[in-house]
Trainee: 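After the structure tokens below, expect a handful of questions from me.
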Amino acid sequence: MSRINLAVLLVVGLLLVTAKQSMQMSLRNPTAEIETSNCKLTVLRVGLVFTSDHNEKAVIDSGLFTNISYVDIAGRTFHVGTLKNTPIVYVKTGTQSVNVASGVQTLLLKFNISKIVFFGNAGSLNGSELVPGDVAVPEAVAFTGVWEWEIFEAQNKGQLAFGHFNYPVNGENLLGTVAYENITLYSPSEDPKEVFWLPVPSPSDKAATEELTKDLKLKECHSGRCLPGTAKVVFGLKASTSDFYVKNKAYGEFLLGKFNASTADSASAVVALTSLSNGKPFVVFQGISNIVGEESSNPEISYIASRNAFLTAAAFIDLFPTQRLACE
Ligand SMILES: *[C@@H]1O[C@H](CO)[C@@H](O)[C@H](O)[C@H]1NC(C)=O
Ligand SMILES: *[C@@H]1O[C@H](CO)[C@@H](O)[C@H](O)[C@H]1NC(C)=O
Ligand SMILES: *[C@@H]1O[C@H](CO)[C@@H](O)[C@H](O)[C@H]1NC(C)=O
Ligand SMILES: *[C@@H]1O[C@H](CO)[C@@H](O)[C@H](O)[C@H]1NC(C)=O
Ligand SMILES: *[C@@H]1O[C@H](CO)[C@@H](O)[C@H](O)[C@H]1NC(C)=O
């Protein structure tokens, strides 16, 4: 090998070492700088979205994510890197729908995103279908926290009648009833329309499902605490989202009975609505962290749930055609 070749190798090596250190990009034109930095962006990235520290810990602990750079926009950090071989950007949005929506919208406006992959925790509304540690991949999700609260003894009664839940005996209740409202779905290709269920284009066809779950090894223990059984992935269920955290068993049973919703969380419908409004494909992975109305005796369950939702999401991302960065 000639001296010149050696020198070139040295320089390239040094560049690689420098590139390894994750650097905050300038805020003036963050994405442009990422594209003109050592790693020229030649591909669309997958946008990985989650809400909590637990979720982020699941990503980092997996060792599957490699940091390239990060950008702070609107108070959130957008981490640019790779998940195994797939270029991604991930963002922790924070909880509550307004935070989730602004995080996803910012991601879509500032980066070239091929699809949104969301993972998070959810409560099971049907303990014989989903137990803690399982992962649900819903096919539809509704906002069940958008209410018209009717006057007492109104002519038009809403689906939720508080009197039906009086204790110890049912009767009339001054809180009256609540009617569940539709939400306006804006989209780039159609006029705005009122909908209740938001369809999730989940990978639920047979081939994709088999591929996704083939080598998937879900986590069953953490810090010495284990699940009572083997965790599973369940496709094709319905999910409910609201800004309030559902711990109440009677209300959980109502959501299951009235809407056939198998899970309750506070983010999935937001990700669905924002993605649909931008005409972006998306998928939702929910790690079950509790059964609504039951106390959990396993303090590690929330982390295990996050980890399993992330592992399923990562397996799904891995199914995409491998996209490579030009600098690799
Ligand atoms: C990526 O780099 C940033 C900045 O150095 C750091 O704060 C963050 O923890 C890193 N993330 C991961 C997943 O290593
Ligand atoms: C996406 O990529 C195209 C083509 O490289 C570029 O013109 C555009 O500015 C990029 N958009 C964002 C938000 O980075
Ligand atoms: C709960 O799930 C089980 C198993 O999938 C199902 O047989 C049952 O009908 C569900 N319960 C309700 C109320 O939907
Ligand atoms: C909500 O939208 C559905 C269609 O998704 C429609 O069938 C239903 O009548 C609407 N409900 C209300 C209260 O507007
Ligand atoms: C309710 O959901 C279950 C799956 O959780 C499904 O098998 C069943 O067909 C649904 N029932 C109705 C009435 O939609």
Side-chain angles (χ1 to χ4, degrees), residues 97 121-151 154-161 164-165 176-187 189-206 208-209 212-213 227-242 246-265 268-277 279 282-294 305 308-309 312:
S97 53
N121 287 10
S124 165
L125 299 176
N126 182 349
S128 43
E129 188 170 55
L130 292 167
V131 294
D134 290 348
V135 178
V137 191
E139 65 170 16
V141 57
F143 274 109
T144 50
V146 187
W147 291 358
E148 182 169 289
W149 206 318
E150 310 295 352
I151 58 171
Q155 287 295 310
N156 297 320
K157 296 205 186 305
Q159 296 98 320
L160 175 60
H164 293 172
F165 300 89
T177 66
V178 155
Y180 286 76
E181 301 249 276
N182 281 339
I183 193 149
T184 311
L185 171 60
Y186 297 88
S187 81
S189 53
E190 287 174 60
D191 288 340
K193 61 180 178 197
E194 298 290 303
V195 297
F196 186 71
W197 290 109
L198 300 164
V200 184
S202 68
S204 55
D205 67 273
K206 203 160 175 294
T209 308
L212 181 61
T213 46
L227 302 175
T230 307
K232 60 185 184 297
V233 182
V234 181
F235 293 85
L237 304 176
K238 284 181 168 159
S240 71
T241 294
S242 60
V246 181
K247 280 182 149 180
N248 185 281
K249 189 167 187 62
Y251 186 64
E253 284 168 359
F254 168 83
L255 286 174
L256 176 63
K258 189 64 90 182
F259 302 117
N260 204 23
S262 296
T263 64
D265 81 343
S268 296
V270 183
V271 174
L273 190 74
T274 314
S275 302
L276 290 166
S277 293
F282 67 101
V283 62
V284 168
F285 297 94
Q286 299 180 331
I288 303 301
S289 54
N290 63 298
I291 296 175
V292 169
E294 293 181 16
N308 284 349
T312 315

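Every number for a ligand or one of its atoms is a count from 1 in the order of the listing. Please read all numbers here as calculations on a predicted model, not as lab measurements.
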Trainee: Anything under 3.5 Å between a donor and an acceptor, one on a side chain of residues 249-259, the other on a protein residue two or more places apart or in another chain? List them.
Mentor:
| unit_1 | atom_1 | unit_2 | atom_2 | d |
| --- | --- | --- | --- | --- |
| Y251 | OH | Y180 | OH | 2.7 |

Trainee: Could you list which atoms of ligand 5 come closer than 4.0 Å to a heavy atom of S262?
Mentor: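 Near S262, the atoms of ligand 5 are 5 (O).
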
Trainee: Test of understanding: with salt bridge (charged side-chain N to carboxylate O under 4.0 Å, His left out), list the residues that count as partners of K157, not counting sequence neighbours.
Mentor: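 For K157, no residue satisfies salt bridge (charged side-chain N to carboxylate O under 4.0 Å, His left out) once neighbours in sequence are set aside.
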
Trainee: What pairs with E190 under salt bridge (charged side-chain N to carboxylate O under 4.0 Å, His left out), at least two apart in sequence or on another chain?
Mentor: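 For E190, the residues satisfying salt bridge (charged side-chain N to carboxylate O under 4.0 Å, His left out) (neighbours in sequence not counted) are K193.
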
Trainee: Within a distance under 4.0 Å of any heavy atom of E129, pick out the atoms of ligand 5 and give their elements.
Mentor: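 Taking each heavy atom of E129 in turn, ligand 5 has 4 (C), 5 (O) under 4.0 Å.
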
Trainee: At less than 4.0 angstrom from any non-hydrogen atom of L256, what atoms of ligand 3 do you find?
Mentor: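 Taking each heavy atom of L256 in turn, ligand 3 has 12 (C), 13 (C), 14 (O) under 4.0 Å.
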
Trainee: So, for N308 and G133, which heavy atoms are closest and what is the spacing to 0.1 Å?
Mentor: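 Smallest interatomic distance, heavy atoms only, reads ND2-O, 2.9 Å.
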
Trainee: Which pair of non-hydrogen atoms, one from A179 and one from E150, has the smallest distance, and what is that distance?
Mentor: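 Nearest pair, atom of A179 first, then E150: CB-OE2, 3.4 Å.
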
Trainee: Can you sort out which atoms of ligand 5 are near L237, meaning under 4.0 Å from one of its heavy atoms?
Mentor: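 Selected atoms, number and element: 4 (C), 5 (O).
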
Trainee: Between ligand 4 and the protein, tabulate every N or O atom pair separated by less than 3.5 Å, reporting distance only.
Mentor:
| unit_1 | atom_1 | unit_2 | atom_2 | d |
| --- | --- | --- | --- | --- |
| ligand 4 | 2 (O) | N182 | OD1 | 3.4 |
| ligand 4 | 2 (O) | N182 | ND2 | 2.4 |
| ligand 4 | 11 (N) | N182 | ND2 | 2.9 |
| ligand 4 | 14 (O) | N182 | ND2 | 3.2 |

Trainee: Quick one: does any side-chain atom of D134 pair with a main-chain N or O of K232 as donor and acceptor, under 3.5 Å?
Mentor: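 Such a contact is found between D134 side chain and K232 backbone.
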
Trainee: Is the backbone N or O of L130 less than 3.5 Å from a side-chain atom of S124, with the two atoms forming a donor-acceptor pair by type?
Mentor: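 Looks like yes, one N/O pair under 3.5 Å.
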
Trainee: Give me the atom names and distance for the closest heavy-atom approach of A136 to L237.
Mentor: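 A136 and L237 have their closest heavy atoms at CB-CD1, 4.4 Å.
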
